[in-house]
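No hydrogens, no waters, no symmetry mates; every other heavy atom, side chains included, goes into these values. Numbers restart at 1 for each chain; the letters A, B, ... are given by sequence-line order, proteins then strands. Because the structure is predicted, anything quoted here is derived from the model rather than measured.
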Protein chains: 2
Amino acid sequence: MRADAKRNYDRIIEVAREVFREQGYDASLDEVAKRAGVGPGTLYRHFPRRENLIDAIMQSWVDRVTEAADKALAHEGPPRALLVAWFEAYVALISLHKGGPAKITCAIEDPESPIRTKCQTLTAATDRVVQRLEAEGALRPGVDAVQMCRLVGGVATVADQGNLDPAAVGPLLGVVADGMLV
Amino acid sequence: MRADAKRNYDRIIEVAREVFREQGYDASLDEVAKRAGVGPGTLYRHFPRRENLIDAIMQSWVDRVTEAADKALAHEGPPRALLVAWFEAYVALISLHKGGPAKITCAIEDPESPIRTKCQTLTAATDRVVQRLEAEGALRPGVDAVQMCRLVGGVATVADQGNLDPAAVGPLLGVVADGMLV
DNA sequence: ACCTGAACACCGTTCAAGT
DNA sequence: ACCTGAACACCGTTCAAGT
């Protein structure tokens, strides 16, 4: 990659991070280009789809996911507490940007999605929790990590799009947890 | 309302029903106006917000909701079967149009939403199921109709936006049901 | 009182012309 | 090889001019 191209590429990501933080993942790409001081064509050359840009934004995010899973698994306690702790971390992680819960949850198990590797990190982390609970015999037969991601992602999506009071989210996650434990 | 206004009003609803069936609730309102043979201003005069038009579309829908609740409640059987039957009917009812699950679920408990009366019908129907299960002592303490609507609505939203295989939805509803029953 | 449709603002996307 | 920015298509929304 040429030096000026690399500079533009980095600058777009930097600015997009800022714009998406302020306005969510559905923010105008035109504004990203403007703030980055590049033409719209340059943005499209580097990131043909919005999800490609989102994927680039999420690079450092994968570390936070595995760290959160580590932290949740380190907790010694009853299965329900572990599961609920992971659910809350999960919701927080995918809700960092407005529009995130829907985008991420819809991309799960979609091989065509540009953010599929990020979703795989998320399902893999969830699967570690599943494995632990399964080993303890705490999980209902038939439940798996993908189901968990979809259910918790669904709760996060509703909370995100409906501007739900954070206090209303906990009980919903509790129901999901109870439905997955023996 | 003047005769020609009434004629336009009815025609817009008729055409919108068709367009929304084909393309979902996020379809272009410009196309609705064009197909109805009215100017965009006329559409906006009658329906200042998209949700006002959706609300008009949903008029006959409320009967289907109460009928579905009647039918679910008529079933004699174990609590879980009743609950899952209602969940499946609920998902079907809000998924008639693409974009419906998100729109409807986000409007629940939102007093500002133009479709709030439709959501109230939905929560009221769900509450009838809740009352029945509560009387049988089958429900976990603390769960209510609004939580149910949000959880099942979340599942429907994920299924709708992520083009989920219908076969994958049933197990998710099963988890939610198990989480709400003793 | 109601309708029309031009007009505006905004956004995503493309591509010919430049360097 | 890469960038620019004009240009296009589309959409929601408004409003002055008409009837």
B:Tyr9 atom OH: more than 12 heavy-atom contacts under 6.0 Å: no
Under-4.0 Å side-chain N/O to phosphate OP1/OP2 contact, A:Asn8 with D:dC3: yes
Length of the line joining B:Arg45:CZ and D:dT19:C1', which is rounded to integer Å: 13 Å
Integer-rounded Å distance: D:dT13 C1' and B:Leu53 CG: 15 Å
From CA spacing to verdict: salt bridge (charged side-chain N to carboxylate O under 4.0 Å, His left out), B:Arg49, B:Glu112: CA-CA 12 Å; B:Arg49 289 172 54 178; B:Glu112 305 296 317; over 6 Å; no
Within-4.5 Å side-chain heavy-atom neighbours: A:Glu109 and B:Leu164: no
pair B:Lys103-B:Asp26: side-chain heavy atoms closer than 4.5 Å: yes
Short side-chain N/O contact to C:dC10 OP1/OP2 from A:Ser28, under 4.0 Å: no
Opposite nucleotide pairing with C:dA7, Watson-Crick or G-U, both atom distances under 3.5 Å: D:dT13
Distance in angstrom units between B:Phe47 CZ and D:dT13 C1', rounded: 16 Å
Minimum-distance nucleotide (side-chain atoms of A:Pro40 versus D:dT4, C:dT14, D:dG12): C:dT14
Protein-nucleotide distance (B:Asn52, atom CG; D:dT13, atom C1'), rounded to Å: 14 Å
First of A:Glu31 and A:Gly41 reached from the 5' end of DNA chain C, by closest nucleotide: A:Glu31
5'-most by nearest nucleotide on DNA chain D - B:Tyr44 or A:Val38: A:Val38
Length of the line joining A:Leu29:CG and D:dC10:P, which is rounded to integer Å: 19 Å
Listed nucleotide nearest any side-chain atom of B:Arg50, set D:dC3, D:dG12, C:dT4: D:dG12
Residue pair B:Asp70, B:Arg128: steps toward the salt bridge (charged side-chain N to carboxylate O under 4.0 Å, His left out) verdict: CA-CA 9 Å; B:Asp70 290 341; B:Arg128 287 170 60 200; 2.6 Å; yes
Any strand: nucleotide that pairs with C:dT19 via Watson-Crick or wobble, under 3.5 Å: D:dA1
Minimum-distance nucleotide to A:Arg2 side chain [options: D:dC3, C:dC3, D:dA1]: D:dA1
Nearest-angstrom distance from the residue atom CD of A:Gln23 to P of C:dC10: 13 Å
Nearest-angstrom distance from the residue atom CZ of A:Arg7 to P of C:dT19: 18 Å
Spacing between A:Asp30 atom CG and D:dA9 atom P, to the nearest angstrom: 18 Å
Among D:dC3, C:dG12, D:dA1, the one nearest A:His46 by side-chain distance: D:dC3
